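The structure appears below as structure tokens.
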Amino acid sequence: MNWQEEYNRKLSTPERAIADIHDGNCVVMGHAAAAPRRVQHALAEHCEDYNDVLIFHMTTLGENECYQPKCFGHFRHVSNFLAKNSRDVVNNHEGDFFPAYFKDVPSMIGTDIPCDVAVFQVTPPNEEGYFSLGVSCDYAHAAIRAAKTVIVETNELMPFTYGQTLIHVSQVDHIIPCAYKLQTLESAAPTEVELAIGRYCSTLVTDGCTLQLGIGAIPNAVLQALGDKNDLGIHSEMFSDGVVDLIKRGNINGSRKTLHKGKVVATFIMGSPQLYDFVNGNEMIELYPVDYTNDPIVISQNYRMISINSCLEVDLMGQVASESIGMRQYSGIGGQVDFIRGASMAREGKAIIAMPSTAAGGVISRIKPFLTQGAAVSTSRNDVDYIVTEYGAARLKGRTLKHRAEDLIRIAHPDFRPMLMEEYERRFGTLSETLKNDCPTA
Ligand code: COA
């Protein structure tokens with residue numbers, strides 16, 4: 001049978017496809033902008049027909065109809081990266097959080113994460129019967145290999161991407177043709193504080209560096225400060241619109257990359273419609289499975305690798321909490337630690353964690369004597385390298401506990417320096433006059 005015959009035989013509808021999902025099954029869903037929205041809609045419409053179906057997913061954008069209260073009890077959501085729309089559902093009793101490095105998710109699918117059904121959004125087939133996974137490669141191959149039933153929505157508006165994104169018609173069971181706009185990630189213009197952080201980060205970036213940019217407001221602000229750098233490269237878990245601006249201006253060309261020269265490498269992409277247009281059929285952009293992009297050994301092959309991630313708080317020893325505010329799970333670890341380790345192992349590599357010095361409108365210091373009770377340590381004090389705030393950059397790697405505390409006080413907000421100085425003196429004795437003079441307080 002040629003692939004077109006097989007394709008025609010597998011053509012399906014959301015309703016027919018979800019008839020292959022049964023009570024107690026685990027369904028692994030496509031990630032971020034590749035979430036399968038037709039199937040989500042059909043499941044939500046028919047939620048009464050299901051009991052205790054476990055849905056595994058990672059970050060979600062915009063609306064996910066399966067989060068509606070009417071679906072509670074029918075679907076349980078397990079996720080290892082939370083976003084605005086999933087935080088309540090997963091933190092409350094309808095769901096559960098799954099701590100794991102993103103890079104380990106593919107190897108856990110089919111074992112720790114059972115996978116009865118895999119549902120992904122892909123492109124229509126090419127002339128040889130291959131769909132492209134489009135903007136999210138991450139764990140899709142692993143789920144498609146492990147699942148008993150594979151459902152794909154072939155979205156005409158899904159960009160075609162290169163790298164390792166192809167799956168064949170023969171690998172799937174239900175094909176649902178559709179055309180709908182991809183969900184987008186809104187990015188606000190950077191604040192003055194974020195721009196100042198971006199400028200300090202840019203002092204650590206030299207021509208020819210390869211960058212990883214994490215999630216959140218800071219990476220975008222850093223990119224805006226890199227307009228005077230040349231021959232930059234990208235090897236990242238994800239990227240968004242800021243990278244496109246720098247490619248168009250010629251700052252990013254990958255010409256000095258020591259792995260995947262000339263290519264922008266990631267495992268997923270999320271951003272504006274313009275970003276999705278830019279990556280469509282663009283041979284400069286290559287997406288690979290996350291167990292490849294986020295492997296520290298792979299990352300470390302990039303000479304002058306610089307990872308730039310953000311966090312929620314840091315204690316005076318340099319322990320970094322990036323994913324929970326106290327007991328409340330806020331996001332997930334993603335690739336933060338893997339990129340920090342990969343960058344640290346790379347020749348002339350640097351690992352940066354950048355954050356505003358305060359949160360909640362300036363009433364909370366993000367540099368703290370202790371992490372908030374219950375917070376998960378995302379990056380340990382043994383892995384941490386640079387911490388950057390709008391007051392400067394502190395290199396903690398290779399520094400003692402006393403020196404780390406001093407360096408962190410220097411980049412804390414002046415309002416909170418007296419409190420941190422008191423804590424320093426409780427732990428280590430009298431603070432040096434130099435530090436007191438260097439660190440004006442409010
Ligand atoms: N205490 C209380 N509230 C805090 C806080 C703290 N220590 N730190 C932050 N907040 C609040 C902020 O005030 C803000 O509240 P608002 O939404 O009401 O304004 C909210 O929490 C989000 O903080 P913000 O720093 O603006 O988040 P962000 O969108 O820039 O994302 C991370 C920052 C750390 C959550 C994000 O980078 C992340 O999830 N990192 C971990 C994963 C990672 O690094 N992956 C890398 C590979 S992609």
Side-chain angles (χ1 to χ4, degrees), residues 31-32 58-61 79-87 97 99-103 105 136 138 185-188 190-191 193-194 197-198 211-222 234-240 242-243 266-271 290 293-296 299 306-315 319-343 351-379 383-384 387-390 412-413 416:
H31 184 212
M58 291 193 50
T59 202
T60 45
L61 292 166
S79 175
N80 84 333
F81 202 101
L82 305 189
K84 198 172 175 184
N85 65 346
S86 54
R87 225 163 262 143
F97 184 75
Y101 295 123
F102 190 5
K103 84 162 189 328
V105 169
S136 272
D138 33 54
L185 177 74
E186 309 303 329
S187 57
T191 61
V193 165
E194 287 160 357
I197 294 169
L211 304 173
Q212 173 258 338
L213 300 145
I215 199 158
I218 302 289
N220 218 20
V222 175
I234 300 289
H235 181 109
S236 195
E237 174 182 308
M238 63 154 288
F239 67 87
S240 197
V243 163
T267 196
F268 77 104
I269 297 163
M270 54 182 181
V290 66
T293 56
N294 288 22
D295 179 345
I299 297 162
I306 302 202
S307 66
I308 304 171
N309 292 292
S310 193
C311 74
L312 297 163
E313 55 187 28
V314 178
D315 74 11
Q319 301 193 99
V320 179
S322 309
E323 44 177 318
S324 72
I325 302 177
M327 292 296 291
R328 185 171 166 74
Q329 190 68 39
Y330 188 82
S331 56
I333 185 68
Q336 182 169 119
V337 170
D338 296 309
F339 277 94
I340 286 176
R341 291 187 177 152
I352 302 171
I353 298 270
M355 59 166 188
S357 65
T358 63
V363 300
I364 294 175
S365 176
R366 297 207 199 205
I367 297 179
K368 298 192 153 163
F370 305 97
L371 296 180
T372 303
Q373 191 174 9
V377 174
S378 309
T379 294
D383 284 316
V384 73
I387 301 284
V388 176
T389 72
E390 69 275 28
H413 191 284
F416 298 100

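As the structure lists them, so they are numbered: ligands from 1, and atoms in each ligand from 1. Because the structure is a prediction, the values reported are computed rather than measured.
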request  = Go through the side-chain N and O atoms of S378 and Q336 and say whether any donor and acceptor fall under 3.5 Å apart.
outcome  = no

ask   = Within the side chain of T59, is there an N or O that forms a donor-acceptor pair under 3.5 Å with the backbone of A83?
value = no

inquiry  = Checking the side chain of T267 only, and the main-chain atoms of D138 only, is there a donor and an acceptor separated by less than 3.5 Å?
reply    = yes

ask   = Would you say T389's side chain and S357's backbone share a donor-acceptor pair under 3.5 angstrom?
value = no

ask   = Hey, is the main chain of R328 close enough, under 3.5 Å, to the side chain of R87 for a donor-acceptor pair?
value = no

ask   = Taking 4.0 angstrom as the limit, do D383 and R341 come out as a salt bridge?
value = yes

note = The protein residues that pass the under-4.0 Å heavy-atom test against ligand 1 are F81, Q212, G214, I215, G216, A217, E237, N309, S310, C311, L312, E313, S322, I325, Y330, S331, G332, I333, G335, Q336, A359, A360, I364, R366

